[in-house]
There are 2 protein chains.
Amino acid sequence: MTSGLGGFAPKYQQIAEALRRDIQEGRYQPGERLPAETALAERFKVSLPTIRQAVGVLRSQGIVESKHGIGTFVRQDHRLERRSRCRYGRARSDGKLLTSHLRHDIVFAGTEQAPARIAEAMGISEGTEVITRRRVLYDKETNTPEEIGASYIPADIARGTFLEKRDVVPKALFLCVEDLSGKRYHHARDQWIARSATPEEIVTLGLPQGGHVMHVIHTARAEDDTVLEVSESIWPADRVTIIDEYLIDQEANVPDVPSQI
Amino acid sequence: MTSGLGGFAPKYQQIAEALRRDIQEGRYQPGERLPAETALAERFKVSLPTIRQAVGVLRSQGIVESKHGIGTFVRQDHRLERRSRCRYGRARSDGKLLTSHLRHDIVFAGTEQAPARIAEAMGISEGTEVITRRRVLYDKETNTPEEIGASYIPADIARGTFLEKRDVVPKALFLCVEDLSGKRYHHARDQWIARSATPEEIVTLGLPQGGHVMHVIHTARAEDDTVLEVSESIWPADRVTIIDEYLIDQEANVPDVPSQI
DNA sequence: GAACTCTACTCCTCATTAGGAGTTGACGAC
DNA sequence: GTCGTCAACTCCTAATGAGGAGTAGAGTTC
């Protein structure tokens with residue numbers, strides 16, 4: 001059966017579009033519950049699976065969130081701003097973390113075999129042992145998880161040190177690594193990707209099924225190019241905006257790589 | 001009915017997981033067609049809608065792509081590297097674009113009312129007229145769309161100039177703007193977000209339903225802080241990796257904003 | 001050989017039906 | 001008042017059936 005009157009798009013898409021408009025025009029406020037699926041089915045005069053398919057579209061777009069047994073709610077799209085650099089700064093070498101509004105939860109510290117993506121960033125072969133420190137960062141007020149993070153330090157720098165202990169470090173991690181290695185952080189390479197969340201990330205970050213994450217792998221090197229630390233951070237993709245502010249250096253050498261004009 | 005033997009996850013998730021493993025372990029190669037849905041339904045001994053739901057999971061993760069009337073195919077996950085800065089560089093002021101391997105298709109040039117996000121970046125009110133140049137970039141070899149882009153130039157700089165004409169500009173756009181404004185590009189602010197694609201983006205970039213994009217808004221200013229240009233670029237999220245290489249300046253002032261440690 | 005048609009195959013849409021599982025709030029027993 | 005029970009409500013999973021629409025290839029006709 002075709003939809004007959006009006007639209008040429010499938011019914012479920014028309015319904016998704018109608019609901020999306022309702023939300024954008026404020027008929028359903030952020031945080032508010034949508035009518036039950038059965039009610040929507042009646043309102044749009046379609047069957048329940050069609051409604052579910054329509055709501056599924058909105059879910060996959062992060063516009064609404066369904067809670068089993070409770071209802072479907074309009075999500076508020078709050079994006080937190082994140083600086084893309086600004087990881088370091090001796091201005092804060094008092095030991096105060098840059099992220100003091102977040103609660104740091106160190107979930108693991110010890111020796112691990114480097115996963116492929118980290119090994120590649122470090123320039124070592126997959127499975128080589130590295131010292132790993134994993135953390136989850138929570139908003140202190142709302143107590144919601146905001147970030148999954150991990151730092152990987154080469155074994156020859158950190159093996160047998162306090163970095164293998166699951167304690168809070170006395171000062172910013174990079175300062176500890178500088179002390180232990182005798183070298184200073186000099187240059188870095190950040191690698192950003194957006195991808196769909198893994199099942200573990202969905203659980204840890206409280207994401208909806210099929211949610212996406214922003215994933216950055218940060219490789220910090222000394223002046224002699226040895227890797228001092230690889231760290232990664234993972235955020236819910238729809239809760240962050242990455243901000244990067246910089247001076248334009250028109251004289252800089254331009255690598256011959258793809259880039260937008 | 002519960003799934004009975006073995007798994008505790010829903011059937012469709014188990015099937016999605018099984019297929020995902022098959023793909024990752026190479027039993028289905030990139031570009032290859034998956035068995036038809038009816039065949040899969042028989043193999044997994046479930047009904048067709050359940051198979052469709054399972055395949056839908058893989059689709060939403062960008063692992064496979066379905067083509068109506070043809071079949072479902074394993075996508076190859078090629079991410080192109082993009083430099084996050086490197087927009088400028090007089091080293092190339094011969095006029096050669098940084099993106100010479102891409103075909104630039106200027107789809108619009110003229111006066112428009114600034115959309116909200118652009119107005120905010122420019123510090124003007126929504127609806128103010130700006131000179132807009134929209135483009136779509138195609139890979140010269142495969143002829144596939146790789147990027148949607150647009151540049152917005154304040155009317156007092158570009159109104160009545162050749163920038164309103166839908167022609168290729170004689171040299172890099174920022175050099176034209178510098179000539180017209182009499183000011184030089186000095187500093188910039190980039191704003192990255194990952195979000196789900198709009199219907200237009202899905203069509204233009206050839207994305208699967210529910211695909212995601214990486215969206216950057218780039219605001220370039222002169223030394224006196226006036227905005228010279230706001231430009232935006234949109235890529236398929238699963239086809240790009242953003243690369244950022246830089247020197248670490250530990251003495252820099254650290255803004256008091258959220259940031260990973 | 002070239003163009004057309006027709007068929008078989010593919011994925012897509014939608015209705016109907018059934019039961020499972022989590023949450024909330026009202027009610028009654030204590 | 002407090003606690004536990006239970007019913008009503010919510011979303012979730014799954015099967016079945018029917019038809020629609022796009023594609024490719026075999027076969028036929030010219």
Side-chain angles (χ1 to χ4, degrees), chain A residues 1-19 28 31-60 63-75 199 202-203 206 208-210, chain B residues 1-19 28 31-60 63-75 199 202-203 206 208-210:
Chain A
M1 189 224 297
T2 66
S3 58
L5 300 132
F8 291 69
K11 281 187 187 177
Y12 77 94
Q13 279 183 17
Q14 292 181 37
I15 293 168
E17 185 56 25
L19 289 174
Y28 299 120
E32 196 178 334
R33 213 203 74 191
L34 253 56
E37 291 171 347
T38 50
L40 289 175
E42 195 168 341
R43 165 178 162 194
F44 287 104
K45 308 242 181 290
V46 295
S47 71
L48 217 144
T50 303
I51 286 293
R52 282 193 55 72
Q53 202 175 358
V55 174
V57 171
L58 302 182
R59 250 199 308 269
S60 78
I63 295 175
V64 303
E65 183 178 6
S66 295
K67 294 180 184 171
H68 192 167
I70 309 182
T72 299
F73 298 84
V74 179
R75 289 186 64 185
I202 287 175
V203 172
Q209 278 294 328
Chain B
M1 191 221 299
T2 68
S3 57
L5 299 132
F8 290 69
K11 281 187 188 177
Y12 76 94
Q13 280 182 17
Q14 292 181 38
I15 294 168
E17 185 56 26
L19 290 173
Y28 300 119
E32 196 179 334
R33 213 202 75 191
L34 253 55
E37 291 171 348
T38 50
L40 289 175
E42 195 168 342
R43 166 179 162 194
F44 287 105
K45 310 242 182 290
V46 295
S47 70
L48 219 143
T50 303
I51 285 293
R52 281 193 55 73
Q53 204 175 356
V55 175
V57 171
L58 301 182
R59 249 199 309 269
S60 79
I63 296 175
V64 303
E65 182 177 7
S66 296
K67 294 180 183 172
H68 191 166
I70 310 181
T72 299
F73 298 84
V74 180
R75 288 185 63 184
I202 287 175
V203 172
Q209 278 294 326

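Throughout, a chain's letter reflects where its sequence line sits, starting with A, and its residues are numbered from 1.
Residue order along DNA chain D, read from the 5' end via each residue's closest nucleotide, puts A:Gly71 first among A:Gly71 and A:Pro49. Nearest-nucleotide mapping onto DNA chain C: of A:Ile70 and A:Ser47, the residue sitting toward the 5' end is A:Ser47.
To the nearest angstrom, P of D:dT13 lies 11 Å from CD of A:Glu37. Following rounding to the nearest Å, A:His68 (NE2) and D:dC11 (P) show an atom-to-atom distance of 10 Å. In this structure, the CZ atom of A:Arg33 is 11 Å from the C1' atom of C:dT24, given to the nearest Å. In this entry the distance linking CD1 of A:Ile15 with P of C:dT13 reads 13 Å, nearest Å. The NZ-C1' distance, from A:Lys67 to D:dC12, rounds to 16 Å in whole Å. Rounded to a whole Å, the CG atom of A:Leu48 is 12 Å from the C1' atom of C:dA18. At whole-Å resolution of the value, CD1 in B:Ile51 and C1' in D:dA15 are 13 Å apart. Counting to the nearest Å, the C1' atom of C:dT10 and the CD atom of B:Glu42 are 16 Å from each other.
Within the 4.5 Å cutoff, no side-chain heavy atoms of A:Pro10 are placed close to those of A:Gln53.
Phosphate contact (OP1/OP2 of D:dT10, side-chain N/O of A:Ser66, threshold under 4.0 Å): absent. OP1 and OP2 of D:dA14 both lie 4.0 Å or more from every side-chain N or O belonging to B:Tyr12. Contact annotation: A:Thr50 reaches the phosphate of C:dA15 (side-chain N/O to OP1 or OP2, under 4.0 Å). In this structure, B:Lys11 reaches the D:dA15 phosphate: one of its side-chain N or O atoms is under 4.0 Å from OP1 or OP2. Phosphate contact (OP1/OP2 of C:dC11, side-chain N/O of B:Arg52, threshold under 4.0 Å): absent.
With hydrogens and angles ignored, the 3.5 Å screen pairs a side-chain donor or acceptor of A:Gln14 with a backbone N or O of A:Ala9.
The environment of CD in A:Glu42 is sparse: at most 12 heavy-atom neighbours from other residues, nucleotides or ligands sit within 6.0 Å.
Residue A:Val64 is tested with A:Leu19, A:Leu58, A:Val57 for a side-chain contact (heavy atoms from CB on, under 4.5 Å); the sole match is A:Leu58.
Geometrically, B:Lys11 does not engage B:Phe44 in a cation-pi contact, judged by NZ or CZ lying under 6.0 Å from the ring centre and within 45° of the ring axis.
Contact annotation for B:Val55: no contact, since no heavy-atom pair falls under 4.0 Å across all strands.
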